[in-house]
Every structure is written in structure tokens, then in C-alpha cells.
Amino acid sequence: MSKRVAVDVQGRQLSLSNLQKVMYPEPGFTKGEVIDYYTRIAPLLLPHLAARPLTVKRYPNGVDAPFFYEKNAPKNTPDWVPTARIAVPGSTMDRETIDFLIVEELATLVWLANQAALELHTPQWQLAPASGRHRDADPKQRTDLIVFDLDPGKPAGIAECAEVALLLRTELVDAGLRPAVKTSGSKGIQVSAAVSVSAPEETSRFAKQLATVLAERHPKLIVSKMAKSLRGGKVLIDWSQNNAAKTTVAPYSLRARSRPTVSTPVAWEELQSPQNLVFTAADVLERAERLGDLYSDTLEAPNHPQLISERV
């Protein structure tokens, strides 16, 4: 029988279990350490989760055991955790709607970590402001981010991704945006920027156009088409994440790798030494204290509502 520990998290009462259970066997990183990491990184993480319906990857028996994606709020969701019922036409689960969790406070993060929700994934849009714990079906949404997911095809790796990220940065700055960059916590890099658009389709069109242009300029380095047969030794600029139905791993989220690596915001200057772009939970906590939130530019859109649409 698992030992449970009652805790108070900013006035919320939680019961934590199996704190010594190993989630990452290689370093012996436990569930208690997962909870500790998410508790300590919460001041930087929570603003990036705010008002975004959450998808999690849960690993009940650690990263070497089977996992599952969870979008719908589970039956044991505390009554103080807000949810949003969102239409999901064509869902593989044969559902018309899903009640997504909305993470607004530290207690929700701790509860999720206790559920072995190691990875946190969010869309490139926010729900419109609303009051009450349960939000109505089909809430209005606001696309506020554009993202480019850089995925290397062997033997290309993180160094080639860094080179492509710097090329993207030049283009996005020229477009009037303030891009930020982070590691995926896996093998790639992600570049995002806050945007203000009049229609959600604008980000997808712009991202595809930019990826196509860069692939034409740098055919030995970049590919913009999804076919795996084209990726060998090149970096795919995956523009397709700019779709309302898709999600991207959140900044500061743990990843389910052999070690507790993190999707880590980095300074653009750090891309000059790409061999050092792998960070664990301990690294990120130290960086957060020293550097603050290097992804903060993605939290506030520029005042250019028609900027994207004018360039596609």
C-alpha cells in the first residue's frame, strides 16, 4: 500500500503518493523530485500555461514504461481546477467535446505532477477571458503565438538546428517580431514569437511560406516538406504546428527521456555553442534563478494586428 502525504499548497489540500517512486531510472529521479521541480519552476512556467487548454503525457510507472496522452480532465480532478469544454470534431476517441484542464495555480501543477504527468503540451492559442470553473463549450480563442519546430534528420543534430534557428530569427525580426528560442528537451529546437493576427490561419500561412523560402535558399541544410525521406542530414522546419488542433511542449516542461531533461529557453548567444544545449531539471532551476525567464517575449504580442497577413 502506497504511503500518502497530506500537503497544503497555497490553501489547497492535496494528498501526494509514492514520492520515492523512480520516474527516471537512469539517474534515479523520483516522483518527489518531479513535484519539487515543478513547484520551484512554477513562477516562470505558469504564465506560459495560462488560459491554454492542457494536454499531458502521463508515465505512471516511469519513463521506461508505457505512457498515455490525456486531454480530458480525469474523474479525480479536484473541484477547484478550472476546465474548458472544447469541440473536437473528428476526434480519434469518438468524442464531440473534451473537457480540458486549465492550469492557473501552483496547486494544479503539483496535483498533475503527482499524477505522473511529466510532459505538458499547449496550443498556440489562448481561451478568451472567462469566469467560473467550467467554461462553456466552443469558447472563443485567440491565436497569439507562431512556432517553428526544428527537427533534425540524422546525421544532422542540435548544431544544425541552432544554425537554422538563427536564420529564422533574422527573418522574424525583419517581420517586426521578437522571437524567443528554446530546446525541445529532446533532439531539436523550437523558435516562437508572440503575434497579433486577425485570423488564426494567418500564422500557418506565414510559417509555411517562410519555411519554404528558407528551404529554397539553403537546400543542403533545410527542408520544409514533411516526408521523412527528404530529411537525411537536414533540418525540417515544421511549420504545421501552427494549427489550432496541435500542441507544442511548453517551456520548462520535463521530457520523458533517459534523464529529466527540460524544454529550456536559451539566449540567442548560446546557439553559438550548441554542444552545450542539453539541460536537466537541476540545470534549469539554477538558470532560472540566475537568468529569469528567457522566453518572456512570447507572453506579449507586438502592436501589429495585420503584420502577418500583410506578408503572406
Side-chain angles (χ1 to χ4, degrees), residues 9 12 14 16 23-24 29 31-60 62-63 67-74 76-78 81-84 86 98-127 141 144-145 147 149 180 182-190 192 241 243-257 259-266 279-285 287-288 293-296 298-299:
V9 182
R12 306 292 191 189
L14 295 175
L16 308 182
M23 294 286 102
Y24 294 82
F29 198 80
K31 187 162 80 166
E33 289 175 295
V34 169
I35 293 171
D36 178 70
Y37 167 73
Y38 275 125
T39 299
R40 293 169 64 188
I41 203 63
L44 271 64
L45 170 59
L46 285 172
H48 295 282
L49 301 180
R52 299 185 193 278
L54 186 70
T55 297
V56 300
K57 287 177 73 174
R58 289 177 59 181
Y59 292 78
V63 298
F67 70 91
F68 60 95
Y69 283 92
E70 189 166 64
K71 296 176 181 287
N72 202 52
N76 66 337
T77 300
V81 175
T83 61
I86 299 174
I98 287 178
D99 292 329
F100 285 86
L101 297 174
I102 307 298
V103 181
E104 296 184 335
E105 57 181 300
L106 172 60
T108 308
L109 268 184
V110 173
W111 174 74
L112 283 167
N114 189 56
Q115 302 287 315
L118 300 184
E119 295 193 7
L120 312 176
H121 297 251
T122 55
Q124 321 314 319
W125 50 270
Q126 290 186 321
L127 296 167
Q141 60 195 57
D144 65 336
L145 288 174
V147 63
D149 189 8
K182 67 184 177 75
T183 69
S184 69
S186 181
K187 59 182 179 178
I189 285 176
Q190 289 153 354
S192 293
Q241 295 299 106
N243 178 308
K246 292 192 175 185
T247 61
T248 303
V249 67
Y252 306 107
S253 171
L254 287 165
R255 301 307 305 268
R257 310 292 289 178
R259 297 186 295 148
T261 56
V262 174
S263 182
T264 309
V266 297
F279 304 97
T280 64
D283 299 326
V284 171
L285 290 172
R287 287 171 60 87
D293 183 11
L294 294 177
Y295 225 58
S296 61
T298 65
L299 295 174

J.: Rounded at 0.5 Å granularity, tell me how far CG in Leu112 sits from CG in Leu54.
T.: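 Those atoms lie 6.0 Å apart.
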J.: Using every non-hydrogen atom in the two residues, find where Gln190 and Ser263 come nearest and quote the distance to one decimal.
T.: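 Heavy atoms of Gln190 and Ser263 come nearest at OE1-OG, 4.1 Å.
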J.: Are any side-chain N or O atoms of Thr261 and backbone N or O atoms of Thr280, one a donor and one an acceptor, separated by less than 3.5 Å?
T.: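 No; zero donor-acceptor contacts below 3.5 Å.
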J.: Does the plane of the ring in His48 sit parallel, tilted or perpendicular to the ring in Tyr252? Use 30° and 60° as the thresholds.
T.: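 The rings of His48 and Tyr252 sit tilted, inter-plane angle from 30° to 60°.
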J.: Are any of the side-chain heavy atoms of Leu118 and Val63 separated by less than 4.5 Å?
T.: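 With C-beta onward as the side chain, the pair touches.
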J.: Is Leu44 close to Tyr295 at the side-chain level, that is, under 4.5 Å between some pair of heavy atoms?
T.: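 Sidechains of Leu44 and Tyr295: no contact.
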J.: Got a second to check how far Thr122's OG1 is from Lys246's NZ, nearest 0.5 Å?
T.: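 Going from OG1 on Thr122 over to NZ on Lys246, the span is 15.0 Å.
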J.: Output every pair passing salt bridge (Lys or Arg N to Asp or Glu O under 4.0 Å) with a member in residues 46-57, not counting sequence neighbours, ordered by first then second residue.
T.: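 Found Arg52-Asp144, Lys57-Glu119.
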J.: Taking all non-hydrogen atoms of both residues, which atom of Thr298 and which atom of Leu145 are closest, and how far apart?
T.: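 Residues Thr298 and Leu145, closest heavy atoms: O-CD2, 3.4 Å.
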J.: Can you see which heavy atom on Val34 is nearest to which on Ala113, and at what distance?
T.: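 It is CG1-CB, 4.1 Å.
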J.: Looking only at atom types and distance, does a side-chain atom of Ser253 sit under 3.5 Å from a main-chain N or O of Ala250, one as donor and one as acceptor?
T.: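 Such a contact is absent between Ser253 side chain and Ala250 backbone.
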J.: Between the main-chain N or O of Ala244 and the side-chain N or O of Gln124, is there a donor-acceptor pair closer than 3.5 Å?
T.: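 A pair under 3.5 Å: no.
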J.: So how far is it from Leu127 CG to Ile102 CD1, rounded to the nearest 0.5 Å?
T.: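 Output value for this atom pair is 4.5 Å.
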J.: Measure the shortest side-chain to side-chain distance between Leu285 and Ile41 over non-hydrogen atoms and say whether it is less than 4.5 angstrom.
T.: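 Side chain of Leu285 against side chain of Ile41, heavy atoms only: contact under 4.5 Å found.
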J.: If the threshold is 4.0 Å, N to carboxylate O, is there a salt bridge linking Asp283 and Arg287?
T.: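 Salt bridge flag = no for Arg287 with Asp283.
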J.: In Å and rounded to the nearest 0.5 Å, what is the CG to CZ distance from Leu120 to Arg255?
T.: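 Here the interatomic distance stands at 10.0 Å.
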J.: Only one of Ile86, Ile98, Asp99 clears side-chain contact (heavy atoms from CB on, under 4.5 Å) with Lys71; which?
T.: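 The residue from Ile86, Ile98, Asp99 that satisfies side-chain contact (heavy atoms from CB on, under 4.5 Å) with Lys71 turns out to be Ile98.
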J.: For Trp111, run the side-chain contact (heavy atoms from CB on, under 4.5 Å) check against Val9, Leu16, Asn76 and tell me which one passes.
T.: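 Between Trp111 and the candidates, side-chain contact (heavy atoms from CB on, under 4.5 Å) is satisfied uniquely by Asn76.
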J.: How far does OH of Tyr69 sit from NE2 of His121, to the nearest 0.5 angstrom?
T.: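 The distance works out to 5.5 Å.
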J.: Which heavy-atom pair separates Leu109 from Ala42 by the least distance, and what is that distance?
T.: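 Shortest heavy-atom separation between Leu109 and Ala42 comes out as CD1-CB, 3.7 Å.
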J.: Please name the pair of heavy atoms, one in Pro123 and one in Pro53, separated by the smallest distance, quoted to 0.1 Å.
T.: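 The answer is CD-O, 3.2 Å.
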J.: Please report the interatomic distance CD1(Ile35) to CG(Asn114), rounded to the nearest 0.5 Å.
T.: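 The CG atom of Asn114 is 4.5 Å from CD1 of Ile35, to the nearest 0.5 Å.
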J.: Within the structure provided, determine whether Thr264 and Lys182 are in side-chain contact (heavy-atom separation under 4.5 Å).
T.: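 SC-SC contact between Thr264 and Lys182 ruled out.
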J.: Got a sec, which residues hit salt bridge (charged side-chain N to carboxylate O under 4.0 Å, His left out) with Arg12, two or more places apart in sequence or on another chain?
T.: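 Arg12 satisfies salt bridge (charged side-chain N to carboxylate O under 4.0 Å, His left out) with Glu105 once adjacent residues are dropped.
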J.: Specify the closest pair of heavy atoms between Ala117 and Val56, including all atoms of both residues, with the distance to one decimal.
T.: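 Smallest heavy-atom distance, with atoms named: CB-CB, 3.9 Å.
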J.: Tell me if a side-chain donor or acceptor on Tyr38 pairs with a main-chain N or O of Leu254 at a distance below 3.5 Å.
T.: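 Checking the backbone N and O of Leu254 against the side chain of Tyr38, a donor-acceptor pair under 3.5 Å is found.
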J.: Hey, is the main chain of Glu104 close enough, under 3.5 Å, to the side chain of Thr108 for a donor-acceptor pair?
T.: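 Checking the backbone N and O of Glu104 against the side chain of Thr108, no donor-acceptor pair under 3.5 Å is found.
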J.: Counting N and O atoms only, with roles assigned by atom type, does the side chain of Ser186 sit under 3.5 Å from a partner on the main chain of Ser184, one being a donor and the other an acceptor?
T.: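 No; zero donor-acceptor contacts below 3.5 Å.
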